[in-house]
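Each chain gets a letter, A, B and so on, in the order its sequence line appears, and its residues count up from 1. On a predicted model such as this, the values are computed, not experimentally measured, just so you know.
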Amino acid sequence: MSDPANSVVVLDFETTGLSPTMGDRAIEVGAVRIEQGEITGSFQQLMNPGFAINSFIEEYTGIRNGMLAHAPSCEEVMDQFADFIGDANLIAHNASFDQRFLDAELDVIGRGYGGEFACSMLIARRLYPDAPNHKLASLVSYKSIANDGVFHRALADAQVTAQLWLTMLNDLATEYQVKQPTFAMMQKLSRTPKAKLHRFLQAQI
DNA sequence: TGCCAGGCCCTCTTTAGGGCCTT
């Protein structure tokens, strides 16, 4: 199997806001590497965006301006992070958000990556339509995923997103008999209309 | 920095609008 869904990098950014095109920057990146269904590595680093973050972001993330004052620059951290992710396929919760920041920050330093993204939120919407909502913290509670109670910090969110990803792979195996899904299959699953979901999963057995 | 975006999904849809997610 060339692209197993259980060998990926799960990542999460904390940022100064919602939109890199509006001037927002990354302030922290966290990631865990999953190989053959096991967590085998991690990456976490604060980074200095070059300007002060507002009080909302300080409260939302717990990351204070004082913590960023002596952090390395975004350019320095993202260069190291590009080495960490290499050509791995990538997972994030609401991946379009993290992909925009990854692309924007790597553009600044003229680097890229070889993998593709899949979105744990879109897949969770397909697999868990009865969850109260599909926020990361809600899904962690809904699936009884072990956690340390920390949310909105990059490594903590990447760790629970990784556990959610492994939980979804396990549920595909136990509830739908999809034993060894590929990354490409998970991407297709995230884009399969609800009405066609059952037939799609039946075809993967 | 500047007071914000963007992609996906659903429906009272497709010549559109609004909610969900992410910081």
Side-chain angles (χ1 to χ4, degrees), chain A residues 9-32 44-69 71 73-75 77-78 81 85 90-108 116-143 145 147 150-165 167-168 186-200:
Chain A
V9 167
V10 185
L11 63 89
D12 182 71
F13 281 103
E14 305 307 316
T15 70
T16 64
L18 293 173
S19 175
T21 61
M22 299 293 290
D24 288 316
R25 300 293 304 267
I27 57 173
E28 187 182 41
V29 61
V32 296
Q44 184 275 327
Q45 185 62 56
L46 291 169
M47 55 189 115
N48 188 331
F51 52 85
I53 61 176
N54 64 32
S55 58
F56 172 80
I57 296 297
E58 283 192 314
E59 290 301 316
Y60 188 79
T61 64
I63 298 170
R64 305 287 170 180
N65 279 298
M67 298 162 64
L68 300 176
S73 67
C74 294
E75 290 79 2
V77 172
M78 292 306 300
F81 189 60
I85 61 177
L90 304 169
I91 309 295
H93 201 69
N94 197 14
S96 65
F97 174 86
D98 293 279
Q99 183 172 11
R100 281 197 296 277
F101 277 94
L102 181 65
D103 291 350
E105 293 294 353
L106 291 183
D107 274 350
V108 171
E116 296 185 14
F117 268 91
C119 177
S120 58
M121 182 192 75
L122 293 179
I123 295 169
R125 282 180 176 170
R126 303 302 192 281
L127 296 184
Y128 310 130
D130 295 331
N133 59 60
H134 299 87
K135 296 177 183 178
L136 181 58
S138 300
L139 289 166
V140 165
S141 174
Y142 182 71
K143 295 304 296 182
I145 292 171
N147 68 94
V150 176
F151 287 96
H152 308 305
R153 286 299 300 268
L155 181 58
D157 282 5
Q159 287 171 329
V160 291
T161 301
Q163 294 302 327
L164 173 63
W165 182 258
T167 297
M168 292 193 295
M186 296 298 277
Q187 288 178 308
K188 288 179 184 173
L189 170 59
S190 75
R191 297 189 294 261
T192 300
K194 190 189 299 182
K196 296 181 178 178
L197 182 64
H198 185 73
R199 193 192 319 180
F200 174 82

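Going from atom CG of A/Leu18 over to atom C1' of B/dC20 covers 13 Å, rounded to whole Å. If you measure from atom OH of A/Tyr60 to atom C1' of B/dC21, you get 9 Å, rounded to the nearest angstrom. A/Asn48 has its CG atom 12 Å from the P atom of B/dT1, to the nearest Å. Distance, A/Gln99 CD to B/dT23 P: 16 Å, rounded to whole Å. The distance from atom CG of A/Asp24 to atom C1' of B/dT1 is 7 Å, rounded to the nearest whole Å. A/Ile57 places its CD1 atom 12 Å from the C1' atom of B/dG2, with the value rounded to the nearest Å. Distance A/His93 NE2 to B/dC20 C1': 10 Å, rounded to the nearest Å. Regarding A/Leu102, its CG atom lies at a distance of 15 Å from the C1' atom of B/dT22, rounded to whole Å.
Judged as a side chain to side chain donor-acceptor pair (under 3.5 Å), and not counting sequence neighbours, the contacts of A/Ser19 are A/Thr21. A/Phe97 pairs by the ring-ring contact (aromatic ring centres under 6.0 Å, His included) definition with A/Phe101, not counting sequence neighbours. For A/Glu105, the salt bridge (Lys or Arg N to Asp or Glu O under 4.0 Å) test picks out A/Arg25, with sequence neighbours left out. A search for side chain to side chain donor-acceptor pair (under 3.5 Å) contacts involving A/Lys135 returns nothing, not counting sequence neighbours. A/Asn54 is linked by a side chain to side chain donor-acceptor pair (under 3.5 Å) to nothing, counting only residues two or more places apart in sequence or in another chain. For A/Ala92, the side chain to side chain contact (heavy atoms under 4.5 Å, CB included) criterion is met by A/Leu11, A/Ala95, A/Asp98, A/Phe117, not counting sequence neighbours.
At B/dT23, one or more side-chain N or O atoms of A/His152 fall inside 4.0 Å of OP1 or OP2 (strictly under the cut-off).
The P atoms of B/dC12 and B/dG19 are separated by 14 Å, rounded to the nearest whole Å. Between B/dG18 and B/dT13, the distance separating the two P atoms is 14 Å to the nearest Å. Taking atom C1' in both B/dT1 and B/dG17, the straight-line distance is 30 Å, to the nearest Å. Here, B/dT14 and B/dC9 have their C1' atoms 14 Å apart, quoted to the whole Å. B/dC4 and B/dT23 have their C1' atoms separated by 12 Å, given to the nearest Å.
Within 4.0 Å of A/Asp12, counting heavy atoms only, lie sugar-phosphate atoms of the nucleic acid but no base atom. Residue A/Phe13 is in sugar-phosphate contact alone, with no base atom involved, counting any heavy-atom pair closer than 4.0 Å across all strands shown. Within the 4.0 angstrom heavy-atom criterion, base atoms lie near A/Ala52.
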Could you list, one pair per line, each protein nitrogen or oxygen that sits under 3.5 Å from a nitrogen or oxygen of nucleotides 6-10 of chain B, together with the distance?
unit_1: B/dC9; atom_1: OP1; unit_2: A/Arg126; atom_2: NH2; d: 2.1

What N/O pairs connect the protein and nucleotides 11-14 of chain B at under 3.5 Å? Give each pair on its own line.
none

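Place A/Gly50 and A/Thr61 on DNA chain B by their nearest nucleotides, and A/Gly50 ends up nearer the 5' end.
Applying the salt bridge (Lys or Arg N to Asp or Glu O under 4.0 Å) test to residues at least two apart or on different chains, none of the pairs has a partner in residues 120-134 of chain A. Pairs engaging residues 56-69 of chain A under the salt bridge (Lys or Arg N to Asp or Glu O under 4.0 Å) rule: A/Glu59-A/Arg64 [sequence neighbours left out].
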Side chains of residues 152-161 of chain A: which donor-acceptor partners sit under 3.5 Å, not counting sequence neighbours?
unit_1: A/His152; atom_1: ND1; unit_2: A/Tyr60; atom_2: OH; d: 3.3
unit_1: A/Arg153; atom_1: NE; unit_2: A/Glu28; atom_2: OE1; d: 3.0
unit_1: A/Arg153; atom_1: NE; unit_2: A/Glu28; atom_2: OE2; d: 3.3
unit_1: A/Arg153; atom_1: NH2; unit_2: A/Glu28; atom_2: OE2; d: 2.8
unit_1: A/Asp157; atom_1: OD1; unit_2: A/His152; atom_2: N; d: 3.1
unit_1: A/Asp157; atom_1: OD2; unit_2: A/His152; atom_2: N; d: 3.2
unit_1: A/Thr161; atom_1: OG1; unit_2: A/Asp157; atom_2: O; d: 2.7

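Put simply, the side chain of A/Leu164 does not reach to within 4.5 Å of the side chain of A/Val140, judged on heavy atoms. Using a 4.5 Å heavy-atom threshold, the side chains of A/Leu139 and A/Thr167 count as separate.
Nearest heavy atom pair, residue A/Leu68 against residue A/Asn48, reads O-ND2, 3.0 Å.
Scanning residues 133-143 of chain A for heavy-atom distances under 4.0 Å to DNA chain B yields A/Asn133, A/His134, A/Lys135, A/Leu136.
Judged by distance alone, the side chains of A/Ser138 and A/Asn133 do bring a donor and an acceptor atom under 3.5 Å apart.
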